There are 2 protein chains.
Amino acid sequence: MRILLIEDERELAEALSAALGKHGIVTDHTMQLADAVELTRQNGYDAILLDRRLPDGEGLSFIPELRRTGKDTPIIVLTARNEPKERIEGLDLGADDYLGKPFLVEELMARLRAVLRRSPELAELKITAGRMVIDPLHLSVTVDAVPLDLPRRELLVLAALARRKEKTVLRSTLEAAVYNYEEEIQSNALDAHISRLRKRLIDAGAGVAIHNIRGVGYLMKEE
Amino acid sequence: MRILLIEDERELAEALSAALGKHGIVTDHTMQLADAVELTRQNGYDAILLDRRLPDGEGLSFIPELRRTGKDTPIIVLTARNEPKERIEGLDLGADDYLGKPFLVEELMARLRAVLRRSPELAELKITAGRMVIDPLHLSVTVDAVPLDLPRRELLVLAALARRKEKTVLRSTLEAAVYNYEEEIQSNALDAHISRLRKRLIDAGAGVAIHNIRGVGYLMKEE
DNA sequence: CCACAAGAGTTGCGGCAGCATTGCGGAGCT
DNA sequence: AGCTCCGCAATGCTGCCGCAACTCTTGTGG
């Protein structure tokens, strides 16, 4: 799960990013509208959190701009401008939800879940692979209904592979599923995750195997 | 157990909230209809207590509004308008019960229990886990039929975990089960509850264990 | 078919974030 | 007053995970 946060208050952005991270959500952050379109073009987010007052303009203007590129990514507007009239304005422009500041992170999470539930692409609320069932929204994995607890990062790798099982997943795609562009890694951390994950999957009898496609990425196969 | 109280008399609201709290019910409170729909969307209450005379309108109008969103949460109307004709009006609009002010808290509790008993979602009137039987409506726990008395908050944590035994429960879900949105906690109070609860469960030989899922939440397993 | 290089796999280490435990003191109940 | 509950914070502990060293695998060219 990956979202884009468009917000110019650095402190709020960092707090949000940390909080979302604990729910297994990877957050990319930009402070400017100018970058936002570019980012959505490259990355394909599951949702977008949008501030209204931004240094380079009114955030709402981003909504039609995004829709024009054919994307219907859910958008939640976060703003201090919370009069009924302003809410209506935002929703009519195509926002999926509208949340006044200040807000509780838990409220945001709940709304995010609600919005994603409606989104058809993520009807994969449960992913099954081999004997596993993965619930990425609640961060849980079971093997034959027995819960299997995995470290967060390994779980993210697993989910990314299982979501596209039987297909190769680019190495870069996997990295994107686990790290945002601020957390750079300069080692084989991903390989290490894969290695440890494989071991755990065997121990648990998960009924899947992770194959390597040299120079390209990885591939999950059911057995 | 979590309910929403829609009531504009602050004093009554606080008294009720306190009284319900002693019965292990977490109460969210709003004085306005305007917020109520919003709150139900995020929180999924087990029941709603509704006043008729509210600053922004007739409380009853909330009932069809809620039903239209597909929720059939039980609603109890609390009001000074207690003529037979008014009662009928309320019930016909879809309220599950109608209680004239003033009333005894005990009567309210009894009606609440009655209403909840009918609710299919809470057919889990008794939760069993290991050697325990938990009755969240009457706030009791027994181990092999021997009563075990637990502090209120620990009991709430226990019930929340037992209700979803063998599954991970998000940390935030547990917090929501124990605290309403006005009581914020800025410490590891939850961890402390877990710790003390664990000790008591061992002493009592409850036949369950609470495991931690690092960065995610907790998980109750039977032994 | 061998040599070699580059990518992939494995594993121990260490820093650190999140968790567990517990004493303290205020608040509320009897 | 004496009790329990429970939030708070100090302390110690655990395990995640980035890192890097080293080995193993695979593909290529001679």
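Just so it is clear: chains get the letters A, B, ... in the order the sequence lines come, proteins before strands, and each one is counted from 1. Everything quoted here is computed from the prediction, not taken from an experiment.
- For dG9(C), the OP1/OP2 oxygens have no side-chain nitrogen or oxygen of K199(A) closer than 4.0 Å.
- Donor-acceptor pairing under 3.5 Å, judged by distance alone, is absent between the side chain of N188(A) and the base of dA8(C).
- Proximity of Y218(A) to the phosphate of dA8(C): no side-chain N or O atom is located under 4.0 Å from OP1 or OP2.
- Salt-bridge check for D28(B) with R2(B): passed, with a basic side-chain N closer than 4.0 Å to an acidic carboxylate O.
- Base engagement by R196(B) is indicated by at least one non-hydrogen atom pair under 4.0 Å involving a base atom.
- Checking R200(B), H193(B), R196(B) one by one against E154(B), the side chain to side chain donor-acceptor pair (under 3.5 Å) holds for a single residue, R200(B).
- In this structure, the CG atom of D149(B) is 14 Å from the C1' atom of dC3(D), given to the nearest Å.
- The separation between L174(B) atom CG and dG18(C) atom C1' is 16 Å, rounded to whole Å.
- Note: CD (E175(B)) to C1' (dG18(C)) measures 13 Å, nearest angstrom.
- Residue R152(B) places no side-chain N or O under 4.0 Å from the OP1 or OP2 atom of dT4(D).
- Atom CG in L197(A) sits about 13 Å away from atom P in dC16(D), given to the nearest Å.
- As a whole-Å value, the separation of I194(B) CD1 from dG18(C) P is 17 Å.
- If you check every strand for non-hydrogen atoms under 4.0 Å, R153(B) touches sugar and phosphate atoms only.
- Put simply, Q186(A) has a side-chain N or O that comes within less than 4.0 Å of OP1 or OP2 on dC19(D).
- Between the P atom of dT22(C) and the CZ atom of R198(B) lies a distance of 12 Å, rounded to the nearest Å.
- Each of R214(A) and P151(A) was assigned the nucleotide of DNA chain D with the nearest heavy atom; the assignment lying further toward the 5' end belongs to P151(A).
- Using modelled atom types and a 3.5 Å distance limit, the side chains of R81(B) and Y98(B) yield no donor-acceptor pair.
- Ionic pairing of K221(A) and E166(A) is not present here: no N-O contact between side-chain nitrogen and carboxylate oxygen is shorter than 4.0 angstrom.
- Residue N212(A) is in sugar-phosphate contact alone, with no base atom involved, counting any heavy-atom pair closer than 4.0 Å across all strands shown.
- Atom CD of E223(A) is surrounded by more than 12 heavy atoms from other residues, nucleotides or ligands within 6.0 Å.
- The distance between atom CD1 of I213(A) and atom P of dT26(D), rounded to the nearest whole Å, is 12 Å.
- For the pair S187(A) and dG18(D), the criterion of a side-chain N or O lying under 4.0 Å from OP1 or OP2 is not met.
- At whole-Å resolution of the value, CZ in R200(B) and P in dC6(D) are 9 Å apart.
- Take the nearest nucleotide of DNA chain C for A192(B) and for R171(B): the residue whose nucleotide is more 5' is R171(B).
- A sub-4.0 Å separation between OP1 or OP2 of dG7(D) and a side-chain N or O of H193(B) is present.
- Side-chain N/O atoms of S195(B) include one lying less than 4.0 angstrom from OP1 or OP2 on dT21(C).
- Comment: E9(B) engages K101(B) in a salt bridge, judged by a side-chain N to carboxylate O separation of less than 4.0 angstrom.
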